[in-house]
Amino acid sequence: MIEVIVNGTRTSIPNGLTVKETIKALEYKGKGFSLALNGTFVAIATYETTMVKDNDSLEILAPVQGG
Amino acid sequence: MNDDTWKIGGKILSSRLLIGSALYPSPANMEDAIKISKAQIVTVSLRRQAAGDTHSKGGNQFWDIIKSLEIEVLPNTAGSHSAKEAITTARMAREVFGTNWVKLEVIGDQYNLQPDPFETVKAAEVLIKEGFEVFPYTTDDLVVAKRLADVGCKILMPWGSMIGSGKGLMNPDNLTAIRKQFPDLQLVVDAGIGKPSHATQAMELGYDGVLLNSAIALAQDPVKMADAFRVAVEAGRLGYEAGTMKERAFASPSTPTIGTPFWHQFD
């Protein structure tokens with residue numbers, strides 16, 4: 001297991017996962033969100049080729065009201 | 001009947017009111033207010049999504065309503081305090097919202113939410129090179145406006161006053177200077193509008209549009225206020241197009257003086 005920070009909260013996930021596998025492991029469902037890894041945008045097209053490492057920080061954002 | 005249209009971000013629109021989607025008493029109220037405002041651009045944002053439930057924090061319900069309105073969405077980068085944060089947020093927004101439009105908002109001071117001009121210019125330059133249509137939220141500083149134009153911004157959104165303050169146009173002369181300096185850019189007053197008359201004033205200055213949120217959402221009756229702002233923006237634009245009279249230093253009678261009855265008879 002490795003530790004990652006997801007939306008500011010530290011959590012454990014199995015080692016050696018891609019972004020796509022990490023999203024599934026974290027139980028994020030459906031579409032309509034976007035992801036940044038260590039402050040850098042990760043496009044959906046690269047979810048399967050981008051690996052998540054120990055101490056990585058993920059931001060998973062969805063549409064909300066804004067001014 | 002107002003058949004006025006304008007072009008912004010490659011789209012031809014008939015409404016010059018840009019409306020925010022936050023702070024309404026309910027999603028239904030927001031939907032009704034946006035509809036009656038006849039706004040064709042609505043601002044949206046991105047925030048952290050909780051795991052396990054795509055409907056948590058109203059995320060998807062909100063987005064479903066916005067999509068059903070079939071108007072342009074303008075994602076903001078609210079909450080960003082650096083060019084890097086704003087650039088990442090813009091890239092994320094482009095994927096989620098499916099638009100290259102972005103309301104670039106980089107805050108430089110947490111107390112008055114004043115934009116950071118240095119980071120805003122830096123982010124605008126990068127995003128424009130990546131194909132974004134940047135709507136930069138800025139102050140009414142003419143030199144900052146110049147720098148944003150220099151890096152390729154076709155739209156400028158100077159503040160009327162501080163975000164959410166409702167104080168109206170603090171420096172109309174500064175806004176006028178920007179208008180005169182950039183006759184070919186699309187100019188939108190963004191932030192600080194509190195009353196319909198403020199929006200009218202901005203339009204009378206020759207601004208192409210007005211962006212506001214709190215003034216409608218925090219009104220006692222947001223739907224009625226949205227309608228009021230629709231009328232106010234139209235009135236201001238018509239007034240600008242009609243050309244206002246020159247201000248005079250002294251009184252000047254409008255009723256003819258020739259033929260005045262009882263001319264000095266009882267002095």
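Below, chain A is the first sequence line, B the second, and so on; all start at residue 1.
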Closest non-hydrogen atoms of B:Q49 and A:A62, given as atom of the first, atom of the second and distance, are OE1-CB, 3.4 Å
Ring pair (Phe, Tyr, Trp, His ring centres under 6.0 Å) partners for B:F132, two or more places apart:
none
Residue-level contacts of residues 28-44 of chain B with chain A, using a heavy-atom cutoff under 4.5 Å
B:T43, B:V44
From A:S34 OG over to B:R91 CZ, what is the distance, rounded to the nearest 0.5 angstrom?
11.5 Å
Which atoms form the tightest heavy-atom contact between A:G66 and B:N213, and what is the distance?
O-OD1, 3.5 Å
A:Q65 and its side-chain contact (heavy atoms from CB on, under 4.5 Å) partner, picked from B:S45, B:P27, B:S21
B:S21
Which heavy atom in B:A22 sits nearest to a heavy atom in A:G67, and how many Å separate them?
CB-N, 4.4 Å
Heavy-atom distance under 4.5 Å between the side chains of B:V96 and A:P63, does that happen here?
yes
What's the spacing between A:I60 CD1 and B:M92 CE if we round to 0.5 Å?
8.5 Å
Checking B:Y137 against chain A: side chain, backbone, both or neither under 4.5 Å from a heavy atom?
neither
Please report the interatomic distance CG(A:L37) to OG1(B:T88), rounded to the nearest 0.5 Å.
11.0 Å
Do the side chain of B:R48 and the main chain of A:N7 share a donor and acceptor less than 3.5 angstrom apart?
yes
For residues 40-49 of chain A against chain B, heavy atoms under 4.5 Å, the residues are A:T40, A:F41, A:V42, A:A43, A:I44, A:Y47
Side-chain donor-acceptor distances from residues 216-224 of chain B under 3.5 Å, at least two apart:
unit_1, atom_1, unit_2, atom_2, d
B:D221, OD1, B:V223, N, 3.3
B:D221, OD1, B:K224, N, 3.1

